[in-house]
Undergrad: 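What follows is a structure written as structure tokens; I'll ask about it next.
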Amino acid sequence: VVLGTVGLSQQADQPASAMAAAAVRFLGSLSVEQEAAVRFPFDGEDRFDWHFIPRERKGVALKMMTGSQRAAALDLVRTGLSEEGFTKAESIRQLEQILYEAEGRDIRDPDLYFFMIFGEPTNSGTWGWRYEGHHISQNWTIVDGRVIASSPQFFGTNPANVQNGNRAGTRVLSTEEDLARTLLRSLSPELRAITIISNEAPRDILTSNERQAAMQTNDGVAFDQLTTEQQEVLWSLIEEYAGVQPDPIAAERLENIHSAGIDTVRFAWMGGTEPDTGHYYRIQGATFLIEYDNVQNDANHAHSVWRDFNGDFGRDLLAAHY
């Protein structure tokens, strides 16, 4: 089945089947009450109600699980992320312990990460799932044994750079910041003037937790205005965001960017250009948007997101399919 213009290649069958098998094992490990709490209709409103702040959530949290249930739950997460992506998610989860030690609030808890299953996990039907808590929201939609959507994809870190304690120096989203700075520093004065569209950074990512991401103004420096070396840095930065997904899904994302026109992808910066100053950047193409913002807590609290304009929650692809 070709789903619109963004059908996944046959290679992508493996992540979907792995997700289905892991989801079935996870559901089988739960009590009757837990299973009732984790299951939601695929076509309900809950599937679109995502957020990255600490808040009350539906579903079943790691905190409510036995050891074997937790293992099954995290095995499911492993099917949805690459090894790098899983490590990033686990590192973000552990930052909650640092926040708890600093604030003493129960809402800061590495075990308050929730699972929701939408529909019936199979190799042939339509279903989806979410893994979410503070600073993590990962969403997948599967149709006919293929992952047709893996966004919204959100990762955040607080602290972005751990200042003290036995984890001092930890920077979970370091590559996302460092590659962007490398690119900005390499630009000529003329291109830098095009790239920096404001000296003030927004307090957060502009698309927030909107159900459908709006295309941002077409500002910044275009891919085809960069030197070969600069293009390689920008492409490496895009790969960092795509690469948290399993290889076939990441490859499909990158293929879609090329197909839609890599030369028109734009990189824009807002805010300060020195370390430890509030800053924001975005990378936008015809089909996708990456946002990164680090302003809060004296520029030591980062948010990052990947959105697909026609693919978040599989909405347009599902419409084409049906």
Undergrad: Is there a side-chain hydrogen bond (donor to acceptor under 3.5 Å, both in side chains) between T217 and R282? Walk through the geometry before answering.
TA: CA-CA 11 Å; T217 53; R282 69 170 172 258; 2.9 Å; yes
Undergrad: Within 45 degrees of the ring normal and closer than 6.0 Å to the centroid, is that where the cationic atom of R47 sits relative to F42?
TA: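 Geometry flag: set, cation within 6.0 Å and 45°.
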Undergrad: Run the side chain to side chain contact (heavy atoms under 4.5 Å, CB included) test against T273 and tell me which residues pass, sequence neighbours left out.
TA: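 T273 satisfies side chain to side chain contact (heavy atoms under 4.5 Å, CB included) with L184, R192, I196, W269 once adjacent residues are dropped.
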Undergrad: Answer yes if the side chains of N161 and R171 hold a donor-acceptor pair under 3.5 Å, and no otherwise.
TA: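 Side-chain D/A pair, N161 to R171: absent.
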Undergrad: With sequence neighbours excluded, tell me which residues meet salt bridge (Lys or Arg N to Asp or Glu O under 4.0 Å) with D312.
TA: R307
Undergrad: Nearest 0.5 Å, what's the CG-CG distance between L81 and L76?
TA: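 One finds 9.5 Å between CG of L81 and CG of L76.
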Undergrad: Is it the case that one hydrophobic cluster holds both M270 and F267, taking links as side-chain heavy atoms less than 4.5 Å apart, direct or via other members?
TA: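 No, no single cluster joins them.
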Undergrad: Yes or no on side-chain contact (heavy atoms from CB on, under 4.5 Å) for H134 and L112, after CA distance, side-chain angles and deciding distance?
TA: CA-CA 8 Å; H134 183 217; L112 285 180; over 6 Å; no
Undergrad: Please give me the minimum heavy-atom distance between T287 and A260, naming the atom from each residue.
TA: CG2-CB, 3.6 Å
Undergrad: Taking the side chain as every heavy atom from C-beta outward, state whether E252 and R146 have any pair of such atoms under 4.5 Å apart.
TA: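 A side-chain contact under 4.5 Å is absent here.
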Undergrad: Please report the closest heavy-atom contact between H301 and A160, naming both atoms and the distance.
TA: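 Smallest heavy-atom distance, with atoms named: N-CB, 3.9 Å.
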Undergrad: Answer yes or no: is there a donor N or O on one side and an acceptor on the other, between the side chain of Y100 and the main chain of L95, under 3.5 Å?
TA: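 Answer holds: no.
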Undergrad: Taking a hydrophobic cluster as the set of Ile, Leu, Val, Met, Phe, Trp and Tyr residues connected by side-chain heavy atoms closer than 4.5 Å, whether directly or through intermediates, do V305 and I283 fall within one such cluster?
TA: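 V305 and I283: separate clusters.
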Undergrad: Under the salt bridge (Lys or Arg N to Asp or Glu O under 4.0 Å) rule, collect the residues that match up with R39, sequence neighbours excluded.
TA: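 For R39 the salt bridge (Lys or Arg N to Asp or Glu O under 4.0 Å) partners, ignoring immediate neighbours, are E35, E120.
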Undergrad: Mind running side-chain contact (heavy atoms from CB on, under 4.5 Å) on V38 and F26 for me, showing each step along the way?
TA: CA-CA 10 Å; V38 85; F26 170 57; 4.0 Å; yes
Undergrad: Grouping I, L, V, M, F, W and Y whenever their side-chain heavy atoms are under 4.5 Å apart, do F86 and W140 come out in a common cluster?
TA: yes
Undergrad: Using only atom types and a distance under 3.5 Å, with no angle test, would you say the side chain of Q97 pairs donor to acceptor with the backbone of P110?
TA: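 Absent.
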Undergrad: Look at the side-chain heavy atoms of Ile, Leu, Val, Met, Phe, Trp and Tyr, link any pair under 4.5 Å apart, and say whether L191 and L237 land in one connected group.
TA: yes
Undergrad: Sequence neighbours excluded, which residues qualify as side chain to side chain donor-acceptor pair (under 3.5 Å) partners of E103?
TA: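 So E103 forms a side chain to side chain donor-acceptor pair (under 3.5 Å) with R105, R108.
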Undergrad: Quick one: do D106 and K63 make a salt bridge, cutoff under 4.0 Å?
TA: no
Undergrad: To check you understand the geometry: which heavy-atom pair defines the closest contact between V172 and I92, and what is its length?
TA: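 Here V172 and I92 meet closest at CG1-CG1, 3.7 Å.
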Undergrad: Would the distance check show the side chain of W127 and the main-chain N or O of I142 forming a donor-acceptor pair, the cut-off being under 3.5 Å?
TA: no
Undergrad: Sequence neighbours left out, what passes salt bridge (Lys or Arg N to Asp or Glu O under 4.0 Å) with E232? Give chain and number order.
TA: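 E232 satisfies salt bridge (Lys or Arg N to Asp or Glu O under 4.0 Å) with no other residue.
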Undergrad: Taking ring pair (Phe, Tyr, Trp, His ring centres under 6.0 Å) as the cut-off, I'd like each qualifying pair that reaches into residues 146-184, sequence neighbours left out, listed once.
TA: F52-F154, F154-H303
Undergrad: Supply the atom-to-atom distance R266 CZ to L226 CG, rounded to the nearest 0.5 angstrom.
TA: 10.5 Å
Undergrad: Got a sec, which residues hit side chain to side chain donor-acceptor pair (under 3.5 Å) with Q94, two or more places apart in sequence or on another chain?
TA: none
Undergrad: Verify the distance criterion only: is there a donor paired with an acceptor across the side chains of S151 and D308 at less than 3.5 Å?
TA: yes
Undergrad: Looking at E200, I'd like to know if its CD atom is crowded, meaning that more than 12 non-hydrogen atoms belonging to other residues, nucleotides or ligands lie closer than 6.0 Å.
TA: no
Undergrad: Just wondering, more than 12 heavy atoms not from D178 lying within 6.0 Å of its CG?
TA: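 Counting other residues, nucleotides and ligands, CG of D178 exceeds 12 neighbours.
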Undergrad: Answer whether the closest heavy-atom distance between the side chains of Q230 and V221 falls below 4.5 Å.
TA: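 Not in contact.
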Undergrad: What do you reckon, is CG of D298 surrounded by more than 12 foreign heavy atoms closer than 6.0 Å?
TA: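 Incorrect, the count does not exceed 12.
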Undergrad: Take K88 and E176, measure what side-chain contact (heavy atoms from CB on, under 4.5 Å) needs, and give me the verdict at the end.
TA: CA-CA 12 Å; K88 193 169 292 192; E176 289 85 343; 2.6 Å; yes
Undergrad: Does some side-chain heavy atom of M64 sit less than 4.5 Å from a side-chain heavy atom of F115?
TA: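 A side-chain contact under 4.5 Å is absent here.
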Undergrad: By ring pair (Phe, Tyr, Trp, His ring centres under 6.0 Å), which residues pair with F223, not counting sequence neighbours?
TA: none
Undergrad: Could you work out, with ring pair (Phe, Tyr, Trp, His ring centres under 6.0 Å) as the rule, every residue matching Y292, not counting sequence neighbours?
TA: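 With sequence neighbours excluded, Y292 shows a ring pair (Phe, Tyr, Trp, His ring centres under 6.0 Å) to H279, Y281, given in chain and number order.
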Undergrad: Just how far is it from atom CG of L74 to atom CE of M65, taken to the nearest 0.5 Å?
TA: 8.0 Å
Undergrad: Taking the side chain as everything from C-beta on, heavy atoms only, tell me whether L234 gets closer than 4.5 Å to L179.
TA: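 No, too far: nothing below the 4.5 Å cut-off.
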Undergrad: Are W235 and H258 side-chain neighbours, meaning at least one heavy-atom pair lies under 4.5 Å?
TA: yes
Undergrad: What are the two closest non-hydrogen atoms of L173 and S304, and how far apart are they?
TA: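 Minimum heavy-atom separation between L173 and S304: CD1-OG, 4.0 Å.
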Undergrad: Could you check whether any side-chain N or O of Q216 sits under 3.5 Å from a backbone N or O of A214, counting only pairs where one atom can act as donor and the other as acceptor?
TA: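 Present.
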Undergrad: Would you call S91 and T170 a side-chain contact if the rule is heavy atoms closer than 4.5 Å?
TA: no
Undergrad: Rounded to the nearest 0.5 Å, how far apart are CZ of R55 and CG of N209?
TA: 7.0 Å
Undergrad: Does D219 have any salt bridge (Lys or Arg N to Asp or Glu O under 4.0 Å) partners at least two apart in sequence or in another chain, and if so, which?
TA: none
Undergrad: Nearest 0.5 Å please: distance from the CD1 atom of I107 over to the CG atom of L99.
TA: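 Going from CD1 on I107 over to CG on L99, the span is 11.0 Å.
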Undergrad: Taking C-beta and beyond as the side chain, do P202 and D293 meet within less than 4.5 Å on heavy atoms?
TA: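 Side chain of P202 against side chain of D293, heavy atoms only: contact under 4.5 Å found.
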Undergrad: Measuring only between side-chain heavy atoms, which start at C-beta, is S186 closer than 4.5 Å to V233?
TA: no
Undergrad: Taking only residues two or more places apart in sequence, or in another chain, which ones meet F48 in a ring pair (Phe, Tyr, Trp, His ring centres under 6.0 Å)?
TA: F313
Undergrad: Do W129 and V244 share a hydrophobic cluster, counting only Ile, Leu, Val, Met, Phe, Trp and Tyr and linking them when any side-chain heavy atoms are less than 4.5 Å apart?
TA: yes
Undergrad: Between N199 (side chain only) and G271 (backbone N and O only), is there a donor and an acceptor less than 3.5 Å apart?
TA: no
Undergrad: If we count only N and O atoms by modelled type, under 3.5 Å, do the side chains of E291 and T207 hold a donor and an acceptor together?
TA: yes
Undergrad: Taking all heavy atoms of A242 and all of W306, pick out the closest pair and write down the distance.
TA: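 Looks like N-CZ3, 3.8 Å.
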Undergrad: With side-chain contact (heavy atoms from CB on, under 4.5 Å) as the criterion, how do N256 and F288 come out once you've worked through the C-alpha distance, each side chain's angles and the decisive distance to 0.1 Å?
TA: CA-CA 9 Å; N256 290 341; F288 79 106; over 6 Å; no
Undergrad: Could you report the tightest heavy-atom contact between G59 and F40, atom names first, then the distance?
TA: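 Closest approach of G59 to F40, heavy atoms only: N-CZ, 3.8 Å.
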Undergrad: Considering only residues two or more places apart or on different chains, which pairs with a residue in residues 69-84 satisfy side chain to side chain donor-acceptor pair (under 3.5 Å)?
TA: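 As it turns out, the side chain to side chain donor-acceptor pair (under 3.5 Å) pairs with a partner in residues 69-84, which skip direct neighbours, are Q34-Q69, T66-Q69, R70-D111.
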Undergrad: What is the distance from atom CG of N139 to atom CZ of R130, rounded to the nearest 0.5 Å?
TA: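 Result: 4.5 Å between the selected atoms.
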